[in-house]
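In what follows, a single structure is set out as C-alpha coordinates and then discussed.
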Amino acid sequence: MSLGGITVVEGSENNLEIQELARFAVEDYNKKENTNLEFVKVISAKKQVVAGVIYYIKLEAKDCESYNIYETKIFVSLQNSKEVEEFKLVGDVPSNSTT
(Lines give C-alpha, C1' and ligand atoms only; values in the text may rest on other atoms or scores of the structure.)
Protein backbone atom coordinates (compact mmCIF):
# COMPACT_ATOMS: atom_id res chain seq x y z
CA MET A 1 0.00 0.00 0.00
CA SER A 2 1.39 3.37 -0.97
CA LEU A 3 1.59 6.22 1.49
CA GLY A 4 -0.99 8.90 0.76
CA GLY A 5 -3.03 6.99 -1.82
CA ILE A 6 -6.74 6.35 -1.24
CA THR A 7 -7.75 2.71 -1.63
CA VAL A 8 -11.08 0.89 -1.48
CA VAL A 9 -11.59 -1.31 1.59
CA GLU A 10 -12.78 -4.55 -0.01
CA GLY A 11 -15.61 -6.25 1.88
CA SER A 12 -16.15 -3.16 4.02
CA GLU A 13 -19.86 -3.97 4.43
CA ASN A 14 -18.87 -6.96 6.61
CA ASN A 15 -15.57 -5.66 8.03
CA LEU A 16 -15.82 -5.47 11.84
CA GLU A 17 -13.23 -2.69 12.13
CA ILE A 18 -15.08 -0.53 9.58
CA GLN A 19 -18.42 -1.22 11.28
CA GLU A 20 -16.91 -0.22 14.64
CA LEU A 21 -15.58 3.03 13.14
CA ALA A 22 -18.97 3.78 11.53
CA ARG A 23 -20.75 3.21 14.87
CA PHE A 24 -18.16 5.47 16.55
CA ALA A 25 -18.91 8.21 14.01
CA VAL A 26 -22.68 7.94 14.56
CA GLU A 27 -22.23 8.08 18.35
CA ASP A 28 -19.89 11.07 18.03
CA TYR A 29 -22.44 12.86 15.80
CA ASN A 30 -25.24 12.09 18.27
CA LYS A 31 -23.24 13.61 21.15
CA LYS A 32 -22.24 16.73 19.21
CA GLU A 33 -25.67 17.36 17.66
CA ASN A 34 -27.84 16.09 20.54
CA THR A 35 -29.68 13.71 18.24
CA ASN A 36 -30.41 9.99 18.21
CA LEU A 37 -29.32 8.43 14.93
CA GLU A 38 -29.19 4.63 14.88
CA PHE A 39 -26.41 2.95 12.89
CA VAL A 40 -27.87 0.54 10.32
CA LYS A 41 -25.04 -0.64 8.06
CA VAL A 42 -21.85 0.23 6.20
CA ILE A 43 -22.35 0.83 2.49
CA SER A 44 -18.72 1.31 1.43
CA ALA A 45 -15.34 2.49 2.71
CA LYS A 46 -12.00 3.79 1.52
CA LYS A 47 -8.82 4.47 3.43
CA GLN A 48 -5.74 6.64 3.10
CA VAL A 49 -2.48 5.89 4.89
CA VAL A 50 -0.85 9.03 6.30
CA ALA A 51 0.72 9.35 9.78
CA GLY A 52 -2.08 7.00 10.79
CA VAL A 53 -5.07 6.13 8.62
CA ILE A 54 -7.95 8.26 7.36
CA TYR A 55 -11.13 6.27 6.69
CA TYR A 56 -13.87 7.54 4.38
CA ILE A 57 -17.03 5.60 5.19
CA LYS A 58 -20.45 5.76 3.59
CA LEU A 59 -23.09 4.43 5.96
CA GLU A 60 -26.81 4.09 6.46
CA ALA A 61 -28.41 5.35 9.67
CA LYS A 62 -31.98 5.60 10.89
CA ASP A 63 -33.42 8.84 12.24
CA CYS A 64 -36.83 8.05 13.77
CA GLU A 65 -38.54 6.28 10.86
CA SER A 66 -36.43 7.58 7.97
CA TYR A 67 -33.31 5.91 6.64
CA ASN A 68 -30.55 8.18 5.36
CA ILE A 69 -27.08 7.89 3.86
CA TYR A 70 -24.19 9.69 5.54
CA GLU A 71 -20.51 10.08 4.74
CA THR A 72 -17.93 10.31 7.49
CA LYS A 73 -14.19 10.89 7.61
CA ILE A 74 -12.38 9.37 10.60
CA PHE A 75 -8.70 9.74 11.46
CA VAL A 76 -7.08 6.89 13.41
CA SER A 77 -3.65 7.90 14.72
CA LEU A 78 -0.61 5.67 15.08
CA GLN A 79 -1.47 5.53 18.80
CA ASN A 80 -4.95 4.22 17.79
CA SER A 81 -6.90 7.29 18.96
CA LYS A 82 -9.94 8.09 16.80
CA GLU A 83 -11.30 11.45 15.70
CA VAL A 84 -14.33 12.10 13.50
CA GLU A 85 -13.23 14.87 11.14
CA GLU A 86 -16.43 15.03 9.11
CA PHE A 87 -19.96 13.60 9.25
CA LYS A 88 -22.58 14.69 6.75
CA LEU A 89 -25.94 13.71 5.33
CA VAL A 90 -25.71 12.87 1.63
CA GLY A 91 -29.22 11.63 0.89
CA ASP A 92 -32.19 9.40 1.56
CA VAL A 93 -32.08 5.64 1.18
CA PRO A 94 -34.32 4.46 -1.67
CA SER A 95 -37.32 2.77 -0.03
CA ASN A 96 -36.63 -0.65 -1.61
CA SER A 97 -33.02 -0.93 -0.36
CA THR A 98 -33.38 -0.80 3.44
CA THR A 99 -32.46 -3.82 5.53
Side-chain angles (χ1 to χ4, degrees):
M1 182 180 331
S2 64
L3 190 63
I6 297 174
T7 58
V8 172
V9 177
E10 297 295 336
S12 59
E13 302 86 355
N14 299 313
N15 182 306
L16 294 178
E17 178 184 18
I18 299 299
Q19 289 180 19
E20 177 188 316
L21 288 168
R23 287 179 195 278
F24 173 78
V26 170
E27 290 169 10
D28 183 77
Y29 179 80
N30 283 340
K31 287 177 191 169
K32 289 179 180 173
E33 300 298 323
N34 197 27
T35 188
N36 194 27
L37 291 180
E38 270 181 66
F39 170 77
V40 176
K41 66 181 179 181
V42 169
I43 297 169
S44 63
K46 296 178 183 177
K47 68 181 181 179
Q48 180 179 18
V49 177
V50 289
V53 181
I54 298 173
Y55 290 91
Y56 302 87
I57 301 173
K58 185 181 284 188
L59 62 96
E60 182 179 321
K62 181 179 170 188
D63 186 9
C64 296
E65 294 303 313
S66 63
Y67 290 82
N68 296 304
I69 297 172
Y70 296 85
E71 289 179 346
T72 186
K73 178 179 172 183
I74 304 166
F75 174 69
V76 180
S77 73
L78 295 173
Q79 293 77 29
N80 209 31
S81 65
K82 296 177 268 200
E83 179 184 348
V84 177
E85 295 185 343
E86 188 176 296
F87 190 96
K88 64 182 179 183
L89 174 66
V90 292
D92 298 332
V93 173
S95 59
N96 62 350
S97 68
T98 58
T99 51

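Reckoned from all heavy atoms, side chains included, excluding hydrogens, waters and symmetry mates. Here, residue 1 is the first one in the sequence, and each next residue gets the next number.
Nearest heavy atoms, E83 versus F24: N-CE2, 4.3 Å. Smallest separation of non-hydrogen atoms from A25 and T72: CB-OG1, 3.5 Å. Closest of all the heavy-atom pairs between V42 and S12 is CG1-O, 3.6 Å.
Using a 4.5 Å heavy-atom threshold, the side chains of I74 and I57 count as touching. Using a 4.5 Å heavy-atom cutoff, the side chains of L37 and Y70 are in contact. When side chains are defined from C-beta on, V76 counts as touching Y55, because their heavy atoms get closer than 4.5 Å. A heavy-atom distance below 4.5 Å is found between the side chains of V50 and F75. Contact check for E33 versus F87: no side-chain heavy atoms found under the 4.5 Å cut-off.
Exactly one residue among V40, L59, V93, L89 makes a side chain to side chain contact (heavy atoms under 4.5 Å, CB included) with N68. That residue is L89. Evaluated for a side chain to side chain contact (heavy atoms under 4.5 Å, CB included) with Y56, the options K73, E86, E71 yield exactly one hit, K73.
Two different hydrophobic clusters hold V9 and L16 under the rule that ILVMFWY side chains link at heavy-atom gaps under 4.5 Å.
Annotation: K46, atom NZ; neighbour count of heavy atoms from other residues, nucleotides and ligands within 6.0 Å does not exceed 12. The environment of NZ in K58 is sparse: at most 12 heavy-atom neighbours from other residues, nucleotides or ligands sit within 6.0 Å.
Between the side chain of Q19 and the backbone N or O of E13, at least one donor-acceptor pair lies under 3.5 Å.
Rounding to the nearest 0.5 Å places CD of E27 at 11.0 Å from CG of N36.
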Go through the steps for E17 and K47 under the test salt bridge (charged side-chain N to carboxylate O under 4.0 Å, His left out), then give the verdict.
CA-CA 12 Å; E17 178 184 18; K47 68 181 181 179; over 6 Å; no

